[in-house]
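The block underneath contains the structure these notes are about, expressed in structure tokens.
First listed ligand is number 1; within each ligand, the first listed atom is number 1. Side chains included, hydrogens not; waters and symmetry mates left out as well; all remaining heavy atoms used. Everything numeric here is computed off the predicted structure, so don't read it as measured data.
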Amino acid sequence: MLLRIVKYGDPVLEQRAESITNFGTPELRQLVDNMFETMYANKGIGLAAPQVALRQRLTVIDPSAGEDPKEKLVLINPEILSKEGTQLGEEGCLSIPGFREDVKRALKVRVRAQNVDGEFFELDGEELHARVMQHELDHLNGVLFISHISPLKRDLIRRKIRKLVKAGEWE
Ligand code: NI
């Protein structure tokens, strides 16, 4: 089932999400399936629960955009254990469609998370994989990629979005 993606301006995107404590339920599995389906339908490579208006610490990621099933990743209650190096690259967000900016991120990250059954695991990511994980984990803390760009660029984007809202083109 496709879920509605909320856009910038919705307060849920800027709130801290809460830890998931109920694992292995049909509801959680269904939510993960729905989030992948919604992400692929919108040609995204990552989607966090707050983007579908749920304040839960859950994100789905697929840097291959559906090309390689082995790249599918579900991170529940994830934390970054360590970061290394830096990279600069373009980012966008399904909640801020039409806007892309260069964002500085760590080059490599080590993340600890739980799967749908509540089992803990650790994984390393680098380059695009690390970038997506940092972007999606930010969402769980109510942080959007435009928080990482210059105030000037951020204000410009906000102004453009305000115009889109007025024109009824931002819903
Ligand atoms: Ni995003």
Salt bridge Asp117-Arg29, side-chain N to carboxylate O under 4.0 Å: yes

Sub-2.8 Å protein N, O or S atoms surrounding the Ni ion (ligand 1): Cys93 SG, His135 NE2, His139 NE2

Atom of Ile45, atom of Met39 and distance for their closest heavy-atom approach: C-SD, 3.5 Å

Pairs meeting criterion side-chain hydrogen bond (donor to acceptor under 3.5 Å, both in side chains) with involvement of residues 59-77, two or more places apart: Tyr40-Asp62, Asp62-Ser64, Asn77-Gln114

Other ILVMFWY residues reachable from Leu88 by side-chain steps of under 4.5 Å: none

Donor-acceptor list for residues 163-171 side chains, cut-off 3.5 Å, not counting sequence neighbours:
from: Trp170; atom 1: NE1; to: Tyr8; atom 2: O; distance (Å): 2.9

Test item: Arg57 side-chain N/O and Ala17 main-chain N/O as donor-acceptor pair under 3.5 Å: yes

